[in-house]
J.: 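Sharing a structure below in structure tokens format, with a few things to ask.
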Amino acid sequence: MFKVHDVVEVEITGLGSTGEGVGKADGFTVFVHGALTGEKVKARITVVKKSYAIGRLVQVLSRSEFRQKPVCEVFNKCGGCQLQHLTYAGQLESKRQHVKDALVRIGHFKEIEVLPVIGDKQPLHYRNKMQCPIASQEGTKIGFYKTGTHEVVDIKKCYIQAEENNQIVEVIREWVRKYKVSIYNEKTGKGLLRHIIGRVSADNGEVMAGLVCTQKSLPNKEELVEMLRESIPKLVSVVQNINSRRTNVIMGEHTRVIWGKPSITDSIGGFSFDISANSFFQVNTAQANALYGQALEFAELTGKENVVDLYCGIGTISLFLASKAKHVWGFEIVDVAIENAKDNAMANKTANVEFSCVDVAIGLEKLSKKKRLDVIVLDPPRAGCDKAVLDHIVEANPERIVYVSCNPASLARDLRILVDSGKYELVQVQPVDMFAQTSHVETVVLMSRV
């Protein structure tokens with residue numbers, strides 16, 4: 001049995017859900033952050049449990065052909081990325097294997113083809129949304145949290161953020177220094193500035209900059225606006241969000257416009273969306289288009305179908321579906337999201353879609369008793385679906401089910417339940433890389449009625 005501080009040799013056979021290497025040392029499972037599939041490494045044991053251990057990478061004894069030097073100098077400290085040391089081709093294959101492993105191990109699908117991951121043509125600087133914590137820890141630090149902590153890693157340039165978001169950080173860093181703006185302290189609850197936010201439109205380049213503060217009073221705000229406007233030509237909005245609570249939740253309920261307009265405009269698949277500081281919008285616009293396009297392709301719509309979009313959010317997938325369907329119903333429990341969805345449908349002149357703020361299981365059950373449903377699309381949160389939702393999907397008896405997932409584990413569990421009903425079979429599994437350089441992967445699955 002290993003002890004903490006032991007140095008062991010580990011044969012890495014795969015990557016875990018957060019990008020860590022997984023392998024065996026003397027038959028015992030060891031997780032090693034920074035190790036890659038196919039490598040033999042030395043690791044110093046830091047944690048020992050009954051069935052596994054965690055080790056810190058000490059030396060790479062045999063190197064993967066896909067290992068590369070991370071582009072970011074703080075990659076090993078920052079928790080924002082997990083896979084910069086892996087070539088992009090290696091990342092895509094790792095994510096495909098991660099989806100397949102979950103389907104086999106959790107879903108018990110023995111022979112299942114997982115298609116090659118749809119990769120990002122721009123695997124750097126793709127994030128259109130930024131939320132950076134700011135802290136006074138041995139000087140002002142702006143960046144992201146160190147993995148598993150609330151210690152802010154100071155970042156001069158984030159390689160997955162849009163360049164405009166990096167510019168926002170540098171301007172506000174200088175503004176804080178020049179005007180001695182107070183910074184929020186999590187332990188004492190005192191101080192003004194908590195987070196820096198930024199949003200960039202991939203469609204027209206519009207930029208929103210913002211601050212999350214503990215109070216409405218904001219000294220030297222005119223100087224801040226002037227500095228931002230001088231540095232960012234396409235800036236159209238500067239906002240302030242008020243969050244006075246002692247909480248880890250980033251945004252408060254109230255946002256006010258300091259300068260410019262309250263939102264920026266972006267588009268996906270020809271549909272236009274107004275995006276405020278608090279709005280949900282996919283952080284990778286180009287890959288969101290690929291993801292939703294794949295869901296639409298799997299739905300195989302001819303213009304005659306009744307379609308339900310479960311967990312519809314702000315209605316993005318619903319609008320895609322409505323362009324090819326007879327009628328679409330979108331269900332979501334978050335009232336603000338439903339209001340946004342209705343606004344989006346109106347703005348895009350889409351009349352054949354209805355949105356309801358309702359528990360998705362209840363909404364589906366009631367609708368399926370009134371209407372014949374041809375296709376059900378669902379995009380649940382990471383935890384997946386409640387059993388009641390899956391049962392109502394089966395009872396609704398659609399021709400096709402299109403499942404969009406951000407978590408291979410809950411996806412595999414839910415697919416097994418649907419298949420075990422005896423009414424549906426798994427047809428195609430298509431991963432999409434929405435978050436290059438990280439361990440996250442989205443998956444679109446087509447199921448067909450047997």
Side-chain angles (χ1 to χ4, degrees), residues 18-19 68-75 78-96 98-99 116-132 142-145 153 155-170 196-210 232 234-235 264-273 275 277 279-295 313-314 316-317 320 379 404-406 430-444:
T18 59
Q68 66 177 6
K69 182 180 179 180
V71 66
C72 179
E73 60 272 16
V74 295
F75 166 68
C78 175
C81 296
Q82 299 84 44
L83 298 178
Q84 275 193 24
H85 60 313
L86 181 59
T87 64
Y88 193 52
Q91 291 181 33
L92 296 181
E93 177 53 30
S94 170
K95 293 182 182 190
R96 187 197 69 82
H98 180 45
V99 173
V117 181
I118 297 175
D120 194 342
K121 294 178 181 178
Q122 182 179 312
L124 295 173
H125 298 300
Y126 60 82
R127 282 190 67 95
N128 58 42
K129 178 184 179 182
M130 171 187 69
Q131 294 176 320
C132 278
I142 305 173
F144 300 97
Y145 292 120
V153 177
I155 297 175
K156 304 303 182 190
K157 179 178 181 177
C158 177
Y159 287 87
I160 62 173
Q161 283 291 346
E163 291 286 14
E164 294 87 346
N165 285 334
N166 285 322
Q167 290 173 336
I168 291 170
V169 168
E170 287 314 299
I196 299 170
I197 58 179
R199 306 200 80 148
V200 182
S201 169
D203 182 35
N204 55 31
E206 289 183 338
V207 179
M208 171 188 288
I232 305 170
K234 291 195 174 183
L235 184 78
I264 61 174
T265 304
D266 208 342
S267 65
I268 301 179
F271 297 102
S272 180
F273 300 90
I275 306 164
S279 294
F280 171 81
F281 193 72
Q282 290 285 3
V283 300
N284 187 334
T285 310
Q287 287 302 92
N289 191 45
L291 182 75
Y292 298 155
Q294 189 63 61
I314 64 169
T316 320
I317 295 181
F320 269 66
D379 185 4
V404 181
S405 170
C406 62
Q430 177 62 74
V432 179
D433 188 24
M434 293 278 287
F435 309 100
Q437 316 308 327
T438 81
S439 56
H440 301 294
V441 60
E442 300 273 333
T443 312
V444 189

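Scope of the values below: all heavy atoms of this structure, side chains included, with no hydrogens, waters or symmetry mates. Remember, predicted model here, so these are calculated numbers, not experimental data.
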J.: Check the side chains of Asn128 and Asp266 for a donor-acceptor pair under 3.5 angstrom, ignoring hydrogens and angles.
T.: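 Result is no, nothing qualifies.
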J.: Looking at every heavy atom in both Pro431 and Val441, which two are closest together, and how far apart are they?
T.: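 Shortest heavy-atom contact: CB-CG2, 4.0 Å.
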J.: If every non-hydrogen atom of Gly80 is compared with every non-hydrogen atom of Thr438, which pair is closest and at what distance?
T.: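 The answer is O-CG2, 3.6 Å.
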J.: Which atom pair, heavy atoms only, marks the closest approach of Ile160 to Ala436?
T.: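 Answer, listing the atom of Ile160 first, then Ala436: CG2-O, 4.1 Å.
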J.: Can you list the residues that meet the side chain to side chain donor-acceptor pair (under 3.5 Å) rule with Thr265, with sequence neighbours excluded?
T.: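 Partners of Thr265 by the side chain to side chain donor-acceptor pair (under 3.5 Å) criterion, ordered by chain and then number, come out as Asp274.
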J.: Checking side-chain contact (heavy atoms from CB on, under 4.5 Å) against Ile268, which of Asp203, Thr316, Ile317 comes through?
T.: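 By the side-chain contact (heavy atoms from CB on, under 4.5 Å) criterion, Ile268 pairs with just one of Asp203, Thr316, Ile317: Thr316.
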J.: Is there side-chain contact between Cys406 and His440, with heavy atoms separated by less than 4.5 Å?
T.: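 Counting from C-beta outward, Cys406 and His440 never come under 4.5 Å.
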J.: If you compare all heavy atoms of Gly293 against all heavy atoms of Phe320, which two are closest, and at what distance to 0.1 Å?
T.: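 Between these two residues, the closest heavy atoms are N-CE2, 4.0 Å.
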J.: Is Leu291 close to Val404 at the side-chain level, that is, under 4.5 Å between some pair of heavy atoms?
T.: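 Yes, side chains in contact.
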J.: Kindly write out the residues that satisfy side chain to side chain contact (heavy atoms under 4.5 Å, CB included) with Ile142, not counting sequence neighbours, or none if the list is empty.
T.: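 For Ile142 the side chain to side chain contact (heavy atoms under 4.5 Å, CB included) partners, ignoring immediate neighbours, are Cys132, Ile134, Thr140, Asp154, Val169, Arg173, Ile196.
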J.: To the nearest 0.5 Å, what is the distance between CG (Asn289) and OG (Ser267)?
T.: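 Taking CG in Asn289 and OG in Ser267, the distance rounds to 8.5 Å.
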J.: Can you name the one residue among Asn166, Val283, Ile197, Ile168 that meets side-chain contact (heavy atoms from CB on, under 4.5 Å) with Met130?
T.: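 It is Ile168, the one option of Asn166, Val283, Ile197, Ile168 that forms the side-chain contact (heavy atoms from CB on, under 4.5 Å) with Met130.
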J.: Do Tyr159 and Glu73 have side chains that get closer than 4.5 Å, going by heavy atoms?
T.: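 Yes; the side chains approach each other to less than 4.5 Å.
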J.: Side-chain contact, heavy-atom cut-off 4.5 Å: Val207 with Ile264?
T.: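 Heavy-atom side-chain distance check fails, nothing below 4.5 Å.
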J.: Check this for me, if you would: do Lys157 and Glu163 make a salt bridge, where the nitrogen-to-carboxylate-oxygen distance has to be below 4.0 angstrom?
T.: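 Yes, this pair counts.
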J.: Partners of Thr18 by side chain to side chain donor-acceptor pair (under 3.5 Å), sequence neighbours excluded?
T.: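 Scan of Thr18 (side chain to side chain donor-acceptor pair (under 3.5 Å), adjacent residues dropped) gives Glu20.
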J.: Would you name the heavy atoms of Gln287 and Gly119 that are closest together and state the gap between them?
T.: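 Minimum heavy-atom contact is NE2-O, 3.4 Å.
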J.: Start with the C-alpha distance between Val74 and Ile155, add both sets of side-chain angles, then the distance that settles side-chain contact (heavy atoms from CB on, under 4.5 Å), and finish with yes or no.
T.: CA-CA 7 Å; Val74 295; Ile155 297 175; 4.0 Å; yes
J.: Test of understanding: with side chain to side chain donor-acceptor pair (under 3.5 Å), list the residues that count as partners of Gln282, not counting sequence neighbours.
T.: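 If we apply the side chain to side chain donor-acceptor pair (under 3.5 Å) test to Gln282, skipping adjacent residues, the hits are Tyr292.
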J.: By ring-ring contact (aromatic ring centres under 6.0 Å, His included), which residues pair with Tyr126, not counting sequence neighbours?
T.: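 Tyr126: no ring-ring contact (aromatic ring centres under 6.0 Å, His included) contacts found.
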J.: Counting N and O atoms only, with roles assigned by atom type, does the side chain of Gln131 sit under 3.5 Å from a partner on the main chain of Gly198, one being a donor and the other an acceptor?
T.: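 No, because the side chain of Gln131 does not come within donor-acceptor range (under 3.5 Å) of the backbone of Gly198.
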J.: Can you name the residues that form a side chain to side chain donor-acceptor pair (under 3.5 Å) with Ser439, not counting sequence neighbours?
T.: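 Ser439: side chain to side chain donor-acceptor pair (under 3.5 Å) contacts with Gln82.
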J.: May I ask you to test the Phe75-Val153 pair for a side-chain heavy-atom distance under 4.5 Å?
T.: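 Contact flag for Phe75/Val153 side chains = no.
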J.: Which residues satisfy the side chain to side chain contact (heavy atoms under 4.5 Å, CB included) test with Glu93, sequence neighbours excluded?
T.: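 Testing Glu93 for side chain to side chain contact (heavy atoms under 4.5 Å, CB included), a comparison that skips the adjacent residues, returns Arg96, Gln97.
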J.: With a 4.5 Å cut-off on side-chain heavy atoms, are Arg199 and Ser279 touching?
T.: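 The answer is yes; the side chains approach within 4.5 Å.
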J.: Applying ring-ring contact (aromatic ring centres under 6.0 Å, His included), can you list everything that pairs with Phe281, at least two apart in sequence or on another chain?
T.: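 Here the qualifying residues are Phe273.
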J.: Would you say Gln437's side chain and Leu124's backbone share a donor-acceptor pair under 3.5 angstrom?
T.: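 Checking the backbone N and O of Leu124 against the side chain of Gln437, no donor-acceptor pair under 3.5 Å is found.
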J.: Tell me, please, which residues at least two apart from Ala162 pass side chain to side chain contact (heavy atoms under 4.5 Å, CB included).
T.: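 Here the qualifying residues are Glu164, Asn165, Val200.
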J.: Could you tell me which residues satisfy ring-ring contact (aromatic ring centres under 6.0 Å, His included) with Tyr88, sequence neighbours excluded, listed by chain and number?
T.: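 Testing Tyr88 for ring-ring contact (aromatic ring centres under 6.0 Å, His included), a comparison that skips the adjacent residues, returns none.
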J.: Salt bridge (Lys or Arg N to Asp or Glu O under 4.0 Å): which pairs involve residues 430-439, sequence neighbours left out?
T.: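 Checked against salt bridge (Lys or Arg N to Asp or Glu O under 4.0 Å) - neighbours excluded - the pairs reaching residues 430-439 are Lys95-Asp433.
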J.: Determine whether a donor-acceptor pair (N or O, by modelled atom type, separation under 3.5 Å) exists between the side chain of Gln84 and the backbone of Cys72.
T.: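 The answer is yes, because a donor-acceptor pair under 3.5 Å joins these two groups.
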J.: Can you sort out the partners of Pro116 under side chain to side chain contact (heavy atoms under 4.5 Å, CB included), two or more places apart, ordered by chain and number?
T.: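 If we apply the side chain to side chain contact (heavy atoms under 4.5 Å, CB included) test to Pro116, skipping adjacent residues, there are no hits.
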J.: Using the side-chain contact (heavy atoms from CB on, under 4.5 Å) definition, which of the options His125, Arg127, Lys129 pairs with Gln161?
T.: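 Of the listed residues His125, Arg127, Lys129, the side-chain contact (heavy atoms from CB on, under 4.5 Å) partner of Gln161 is Arg127.
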J.: What distance do Leu83 atom CG and Gln68 atom CD have between them, rounded to the nearest 0.5 Å?
T.: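 If I round to the nearest 0.5 Å, the distance is 10.0 Å.
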